Trainee: 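Below is a structure I'd like to ask you about.
To find a chain, count down the sequence lines: A is the first, B the second, and so on, and within it residues start at 1. Since this is a predicted model, take the numbers as computed values, not measurements.
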Number of protein chains: 2
Amino acid sequence: MPLQYPHRQKQLESLAQKLGLSRQPRLQWHLLDLALTHPTASTDANYEQLEFVGDAVIRLAAAEFLLETCPDLTVGEFTAIRSVLVSDRILARLAAYYGLERYLLVANSALNDKLGEESRLAESFEAVLGALYLSAHTLDLIRPWLDPHFHQLVEEIRTDPARQNYKAALQEWSQALYKLLPEYRVRESEFAEFSHRFTAEVWLRDQCLGQGRGRSIKAAEQAAAQVAFLAIRQQQMAEETS
Amino acid sequence: MPLQYPHRQKQLESLAQKLGLSRQPRLQWHLLDLALTHPTASTDANYEQLEFVGDAVIRLAAAEFLLETCPDLTVGEFTAIRSVLVSDRILARLAAYYGLERYLLVANSALNDKLGEESRLAESFEAVLGALYLSAHTLDLIRPWLDPHFHQLVEEIRTDPARQNYKAALQEWSQALYKLLPEYRVRESEFAEFSHRFTAEVWLRDQCLGQGRGRSIKAAEQAAAQVAFLAIRQQQMAEETS
């Protein structure tokens, strides 16, 4: 059913075309419309419910993709790679690729919030996935255009480990294994050179797993998580081959 | 394709019958077989990959169910209820309902680990969902038998809030809103009566959100999380009606 507003319908058709879905009879336009309506534009008919569905859809699409294309990886590696694929950073990048910000109905007040831009893009991208899933009740309207992105991203992640979000990966690992979150302890050194201003340690069960430095708290924590995660992976690989 | 081992095939057919799937041509028996093979029974052909898929499948099934049956709830309530529906405790309960432990191939050494029983059941249940999803690439083999359980569970959760896992709900809320995890501070009092031995406080951004007591650290933390979560929900409801 097309929308009552010809202008909006045209906008959404342009997005559907970019996704290769312009001739898809199953596509429910009113869901796509909702997926691109920010809560500041409508308090009761916005993308929140679709985002709730989309969060599970992207995890499922990533799991299926990894199982089909990288059967040689361990489940630990699946988990680490998926946590990157479904991260706000990557989802916002995909949203930007399709220019979602041009289709998103949002109040001007929210547009001024530059810091919130990444979450806004990631959320509406998840909501679009929710809308496409609920249109077909399969991943048929999603995987044909999403898989090529996954291909490229997985390639990037596998060949350049530093692109991985090690904090997220370490957290998934420690929650799965110990039902605990790693704890970060950060200190600031005024006299260190700029790129080493913060030092972070990551702890789990009274043990320091790694230490890293960076120009921001976040960067230092990521560096510490990377040291810890790679050490754990090394150890696991050694155990598997022994 | 049926399995080569007649005994195992019979076992799996008995489970399929309980799920109402005995005449399902799409059901892939070798996936169901994998889903019911613990890593201690086979290091390279076990349920781990299917569990990785099933974790996303159960989240998607719960999201779709809630959207269809409780459109009156807020997304915050969806999130809180889903975190209960996909918890190890509930998944293990569903696994026990279908007697999965009787179908699970597992080494005796693991069977003696009584503490690990809940995770083992929850994991194999997720893996079964992964196998059923990958057999059809829709939720068609899952929702017909899972929905009635969700109905009953959602009823229980909505009418008796104490059944909710408030720690998980509070964590999802604080991560979504502040990208932070609540922190628990627990102290033990030797002289308190048994049911009040531990006192927990839950903190977020230098603010104590709630305090609770219990006979174990976990119980005290859940009690503190419940106080915090209900207070936040009250406040949100007040803001919505004002």
Trainee: Between B:Glu183, B:Arg82, B:Glu48, which residue shows the highest count of heavy-atom pairs closer than 4.5 Å to chain A?
Mentor: B:Arg82

Trainee: Please examine the side chains of A:Leu67 and B:Gln49, heavy atoms only from C-beta on, and report whether any two atoms are closer than 4.5 Å.
Mentor: yes

Trainee: Counting heavy-atom pairs under 4.5 Å to chain B, which of A:Ala63, A:Pro71, A:Ala62, A:Ala61 comes out on top?
Mentor: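 The answer is A:Ala63.
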
Trainee: Is there side-chain contact between A:Glu64 and B:Leu134, with heavy atoms separated by less than 4.5 Å?
Mentor: yes

Trainee: Look up atom CG in B:Leu66 and atom CZ in A:Phe52, then write down how far apart they are to the nearest 0.5 Å.
Mentor: 5.5 Å

Trainee: Heavy-atom distances under 4.5 Å only: say whether A:Thr79 touches chain B with side chain, backbone, both or neither.
Mentor: both

Trainee: Is it the case that over 12 heavy atoms from other parts of the model lie below 6.0 angstrom from the CG atom of A:Asp72?
Mentor: yes

Trainee: Quick check on the interface: out of A:Ala136, A:Ala56, A:Gly54, who has the most heavy-atom pairs with chain B under 4.5 Å?
Mentor: A:Ala56

Trainee: Among B:Asp55, B:Asp88, B:Val57, which residue has the highest count of heavy-atom pairs closer than 4.5 Å to chain A?
Mentor: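 Most pairs with chain A among the choices: B:Asp55.
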
Trainee: Among B:Thr43, B:Val75, B:Leu50, B:Leu139, which residue has the highest count of heavy-atom pairs closer than 4.5 Å to chain A?
Mentor: B:Val75

Trainee: Identify which part of B:Ile58 has an atom lying under 4.5 Å from any heavy atom of chain A, answering side chain, backbone, both or neither.
Mentor: neither

Trainee: Just how far is it from atom CZ of A:Arg143 to atom NE2 of B:His137, taken to the nearest 0.5 Å?
Mentor: 8.0 Å

Trainee: Please state whether the side chain, the backbone, both or neither of B:Glu123 comes within less than 4.5 Å of a heavy atom of chain A.
Mentor: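 Neither; nothing under 4.5 Å.
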
Trainee: Quick check for you: to the nearest 0.5 Å, what is the distance between A:Leu60 atom CG and B:Leu60 atom CG?
Mentor: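 With rounding to 0.5 Å, CG (A:Leu60) is 6.0 Å from CG (B:Leu60).
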
